[in-house]
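Remember, predicted model here, so these are calculated numbers, not experimental data.
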Amino acid sequence: MQNKLVSKIFAVAAPTAVVFGALALMTPAAPQSVAQHSNKFPPPPRCSAKTLSGDYAFTIEGALLSIPNVQLPPGVSLPLHGIALSHYDGKGNRTQVDHVVVNGEEPSMEWTPGSGTYTVNDDCTGSQELFITGNPLSPIRSHFVIDKNGREIREVVDANAVSAIGTKVEY
């Protein structure tokens with residue numbers, strides 16, 4: 001009789017133990033996947049106009065696809081290469097001088113001045129508008145991403161195939 005009782009207990013206990021064992025194995029999996037997920041995706045960076053403060057040296061590369069009041073033949077673009085030294089004041093204002101060569105032609109001024117404004121979003125993206133003396137493309141509007149804790153800016157100019165990378169100047 002005792003053997004029958006033990007058999008009945010095992011008949012009920014064995015499946016219950018298997019179910020609880022499986023649940024026990026599955027329970028830690030949920031918190032681990034949440035923890036792994038949060039480690040892969042840290043909180044978004046926090047940026048503001050203050051993130052861009054100081055002087056940045058830019059390398060500018062690309063092609064002009066259009067120029068106001070100038071009719072380029074279909075499929076023709078003008079190569080553009082240049083450098084700029086830009087100052088960001090940490091409050092949304094920017095000044096710069098640049099030397100940009102378009103289609104192999106030297107600029108009319110050795111260093112062309114410009115000034116404008118910029119806006120930085122919390123996620124370290126932003127936009128800016130730059131007015132350059134004597135430039136028919138002025139104002140130049142662009143979008144950028146701040147990288148390396150504000151030590152680098154990656155920029156693309158709207159309406160043309162021009163991009164630039166600026167690195168904070170360390171004097």
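- L85 has its side chain out of reach of Y56: every pair of non-hydrogen atoms, C-beta onward, lies at least 4.5 Å apart.
- Partners of T112 according to the side chain to side chain donor-acceptor pair (under 3.5 Å) rule, which considers only residues two or more places apart in sequence or in another chain, do not exist here.
- The heavy-atom pair separating I60 from V162 by the smallest distance is CG2-CG1, 3.6 Å.
- Qualifying side-chain contact (heavy atoms from CB on, under 4.5 Å) partners for S53, counting only residues two or more places apart in sequence or in other chains: none.
- Atom CG of L130 and atom OG of S115 lie 7.0 Å apart (nearest 0.5 Å).
- Considering CG of N103 and CG of L78, their distance stands at 4.5 Å, rounded to 0.5 Å.
- For E152, the side-chain contact (heavy atoms from CB on, under 4.5 Å) partners at least two apart in sequence or on another chain are D147, K148, R154, I165, T167.
- Hydrophobic clustering, with ILVMFWY side chains joined whenever heavy atoms are under 4.5 angstrom apart, groups L64 together with I140.
- When only modelled atom types and interatomic distance are considered, Y88 and Q96 share no side-chain donor-acceptor pair under 3.5 Å.
- The ring-ring contact (aromatic ring centres under 6.0 Å, His included) pairs that include a residue from residues 129-159 number zero, where partners must be two or more places apart or lie in different chains.
- Sequence neighbours left out, not one pair with a member in residues 91-113 passes salt bridge (Lys or Arg N to Asp or Glu O under 4.0 Å).
- At a threshold of 4.5 Å between side-chain heavy atoms, the hydrophobic network of Ile, Leu, Val, Met, Phe, Trp and Tyr places V102 and M109 in two separate groups.
- Contacts of A49 classified as side-chain contact (heavy atoms from CB on, under 4.5 Å), with partners at least two apart in sequence or in another chain: Y118.
- Residue pairs satisfying the salt bridge (Lys or Arg N to Asp or Glu O under 4.0 Å) criterion with at least one member in residues 48-64, sequence neighbours excluded, are absent.
- Applying the salt bridge (Lys or Arg N to Asp or Glu O under 4.0 Å) rule to pairs touching residues 132-146 yields E129-R141, sequence neighbours excluded.
- For H99, the ring pair (Phe, Tyr, Trp, His ring centres under 6.0 Å) partners are W111, not counting sequence neighbours.
- Residues satisfying the side-chain contact (heavy atoms from CB on, under 4.5 Å) criterion with T125, sequence neighbours excluded, are N121, D123, V145.
- Atom NZ of residue K168 and atom CG of residue N149 lie 11.0 Å apart, to the nearest 0.5 angstrom.
- Partners of D89 by salt bridge (Lys or Arg N to Asp or Glu O under 4.0 Å), not counting sequence neighbours: none found.
- Applying the ring-ring contact (aromatic ring centres under 6.0 Å, His included) test to residues at least two apart or on different chains, none of the pairs has a partner in residues 145-171.
- The shortest non-hydrogen separation linking S77 to L65 is CB-CD2, 3.7 Å.
- Residues S66 and N160 meet the side-chain proximity criterion, which asks for heavy atoms closer than 4.5 Å.
- Taken together through direct or relayed side-chain contacts under 4.5 Å among Ile, Leu, Val, Met, Phe, Trp and Tyr, L80 and V101 form parts of separate hydrophobic clusters.
- Partner of E155 under the side chain to side chain donor-acceptor pair (under 3.5 Å) criterion, chosen from S127, S163, S86, S142: S142.
- No side-chain heavy atom of V100 sits less than 4.5 Å from a side-chain heavy atom of P107.
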